[in-house]
Participant: 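Let me give you the structure first, and then I'll get to my questions.
Predicted model only: the values in this text are computed from it and were never measured. Each chain gets a letter, A, B and so on, in the order the sequences are listed, and its residues count up from 1.
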Protein chains: 2
Amino acid sequence: MAEYGHLKRVPMVTVKRLSRYLRALEKFQEKGFETVSSEELAGELNVKPSQLRKDLAYFGEFGTRGMGYSIPKLAEELRRILGLHRQWAIAIIGVGNLGTALLRYKGLNEKGFRIAALLDDDPEKVGSSRSGVHIFHIDDLPNLVKEKNIQIAILTVPAPAARAVADLAVKSGIKAILNFAPVSIKAPPDIAVMHVDISSELKILSHHLAELDLSGETVGYPIVEDNGE
Amino acid sequence: MAEYGHLKRVPMVTVKRLSRYLRALEKFQEKGFETVSSEELAGELNVKPSQLRKDLAYFGEFGTRGMGYSIPKLAEELRRILGLHRQWAIAIIGVGNLGTALLRYKGLNEKGFRIAALLDDDPEKVGSSRSGVHIFHIDDLPNLVKEKNIQIAILTVPAPAARAVADLAVKSGIKAILNFAPVSIKAPPDIAVMHVDISSELKILSHHLAELDLSGETVGYPIVEDNGE
DNA sequence: TAGATTGTTAATCGATTAACAATC
DNA sequence: TAGATTGTTAATCGATTAACAATC
């Protein structure tokens, strides 16, 4: 999907794991460790050590043979690779339940990201603000993108509106979209689009449960182990 | 990850696409179509027709050569495969911003799913209810699972608590977990665990933006096309 | 030097895709 | 029968993994 401009094209799964490695590193750091081996770090994430090393190899050599990786150094490299030394401005489009929750969600307010604007088309909402962020009309998106230098759009609009809003975002100059609407978004190849499809994840679970049922495992009336442990 | 009990092991990506096919089918149905070809359906989802046919082939033969697929019939088959003819009971564990938003989120209240209980460890919340769903103490999980026949746990607790809560859920007999905490959950192989890692998705976008920047594309000060169209 | 652990290669595994025979 | 489109095979592509030489 996205072009990463490396010699070898970096798989998106690798980039995704990079951010998980970073999180695990920060945890190790909090515990006071200085150094970590690929085995320790990978173990934390249900990943093979060789996969971790392969993932890092796309970007350079960050370890010391015989020693492992310096935690602060590797963390810093990962932050750089992930672009987290910069500050990205986000617009949340669609101020419903989910949009409002994300606005207040800790994971979205980490270092590196700033929610710069909310947008909606409901006249009752436009003009007010939530958690100190102003709600603009969706038609203002092109101006906002320019004025506030917004790079990321989070789409929390209802499904029927999602495609049109995504098109508007792209036209406005947005280069990265995080889409929560259960709709496929089509965008030019230089635009990164990530889909978070909660209802679809749930259906995968449903499928799993149905299969368990077929295979004869009791579902719903489980044997609870004695809480002696 | 999950065992599906088929002759050929069904890849999880296939199951994920199945739920997207179903959604697209429902859209075609609303428009009044009777029949759809693999090319039309796949086109809607940026998927190759041969991939759609391959995905379906794991489960049976649902089309008619020369004709395509009957929309209501295929939709029904997909619902059956995905276990959506049944009703699954969900517990949302962690009644913060995200948990509350999901409670009210349309995608979680579709046919086939029912939010049967909320859980938290905050004494201020326990005992009250939200949107008509009672908030129990997290220690009640084992009883609730039995009494209310809960099969799915949605984890919206803070990261440090997530693993312990997941362990409790598994011990209580939960067979499917949808985890929103930025933590790797380890569970036995018969437990399906899906991760929704919003902060990680965001970092992938950040990486993409940083790469765009390196490759010389202006980020943040885009040329907005004239709105003549 | 001996032990540890990286970075990298090559083998394996699994998913995607094009192509086509089957058949409506 | 001719045209369309499926179901399935085989080829391709890409990601994972084991193994190991390099090197701290």
Participant: With sequence neighbours excluded, what pairs up with B:R80 under the salt bridge (charged side-chain N to carboxylate O under 4.0 Å, His left out) test?
Facilitator: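 Applying salt bridge (charged side-chain N to carboxylate O under 4.0 Å, His left out) to B:R80 gives B:E77.
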Participant: Among residues 27-48 of chain B, which contact DNA chain C at a heavy-atom distance under 4.0 Å?
Facilitator: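 Contacts with DNA chain C under 4.0 Å: B:K48.
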Participant: Atom NZ of B:K73 to atom C1' of D:dT6: distance rounded to whole Å?
Facilitator: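 Distance, rounded to whole Å: 13 Å.
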Participant: Using distance alone, with no hydrogens and no angle criterion, decide if B:S200 and A:R20 have a side-chain donor and acceptor under 3.5 Å apart.
Facilitator: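 Side chains of B:S200 and A:R20: no pair found under 3.5 Å.
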Participant: Run the ring-ring contact (aromatic ring centres under 6.0 Å, His included) test against B:F28 and tell me which residues pass, sequence neighbours left out.
Facilitator: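 For B:F28, the residues satisfying ring-ring contact (aromatic ring centres under 6.0 Å, His included) (neighbours in sequence not counted) are B:F33.
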Participant: So what is the 5' to 3' dot-bracket string for DNA chain D, if pairs are Watson-Crick or G-U wobble with both distances under 3.5 Å, crossing pairs use [ ] and | means the partner sits on another strand?
Facilitator: ..||||||||||||||||||||||
Participant: Quick one: pull up CZ in A:R9 and OG1 in A:T14 and give me the separation to the nearest 0.5 Å.
Facilitator: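 It is 10.0 Å, given to the nearest 0.5 Å.
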Participant: How long is the gap from CD1 on A:I154 to CG on A:L108, to the nearest 0.5 Å?
Facilitator: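 It is 4.5 Å, given to the nearest 0.5 Å.
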Participant: Roughly how many Å is it from CG in A:L52 to P in C:dT6, rounded to a whole number?
Facilitator: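 Distance, rounded to whole Å: 8 Å.
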Participant: Sequence neighbours excluded, which residues qualify as side-chain contact (heavy atoms from CB on, under 4.5 Å) partners of B:T35?
Facilitator: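 Once residues adjacent in sequence are excluded, B:T35 has no partner under the side-chain contact (heavy atoms from CB on, under 4.5 Å) criterion.
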Participant: Not counting sequence neighbours, which residues clear side-chain contact (heavy atoms from CB on, under 4.5 Å) with B:S199? List them please.
Facilitator: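 Per chain and number, B:S199 pairs via side-chain contact (heavy atoms from CB on, under 4.5 Å) with A:R23, A:E110, B:D197, B:K203.
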Participant: State which residues pass salt bridge (charged side-chain N to carboxylate O under 4.0 Å, His left out) with A:E61; sequence neighbours excluded, sorted by chain then number.
Facilitator: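 None.
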Participant: With sequence neighbours left out, what residues match B:E76 under salt bridge (charged side-chain N to carboxylate O under 4.0 Å, His left out)?
Facilitator: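 Expected list: B:R79.
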Participant: Would you mind reading off the distance between B:D55 atom CG and D:dT6 atom P, rounded to a whole angstrom?
Facilitator: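 Whole-Å distance recorded here is 14 Å.
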Participant: Report yes if at least one side-chain N or O of B:R53 is closer than 4.0 Å to OP1 or OP2 of D:dT6; otherwise report no.
Facilitator: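 Yes, B:R53 has a side-chain N/O under 4.0 Å of OP1/OP2 on D:dT6.
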Participant: Give, for atom CD1 of B:I150 and atom CZ of B:R114, the distance between the pair rounded to the nearest 0.5 Å.
Facilitator: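 Separation between the atoms: 8.0 Å.
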Participant: What are the residues of residues 61-71 of chain B, sorted by number, that bring a heavy atom to within less than 4.0 Å of DNA chain D?
Facilitator: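 B:E61, B:F62, B:G63, B:T64, B:R65, B:G66, B:M67, B:G68, B:Y69, in order of number.
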Participant: Does anything in residues 158-169 of chain B form a salt bridge (charged side-chain N to carboxylate O under 4.0 Å, His left out)? List the pairs, not counting sequence neighbours.
Facilitator: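 For residues 158-169 of chain B: A:E44-B:R163.
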Participant: If a protein heavy atom is under 4.0 Å from the base, mark B; if only from the sugar-phosphate, S; if neither, -; do that for nucleotides 10-15 of chain C going 5' to 3'.
Facilitator: -----S
Participant: Please enumerate all residues that pass side chain to side chain donor-acceptor pair (under 3.5 Å) together with A:E40, with sequence neighbours excluded.
Facilitator: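 With sequence neighbours excluded, A:E40 shows a side chain to side chain donor-acceptor pair (under 3.5 Å) to A:S37, given in chain and number order.
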Participant: If I take atom CD from residue A:Q29 and atom CG from residue A:L22, how far apart are they, to the nearest 0.5 angstrom?
Facilitator: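 It comes to 9.5 Å.
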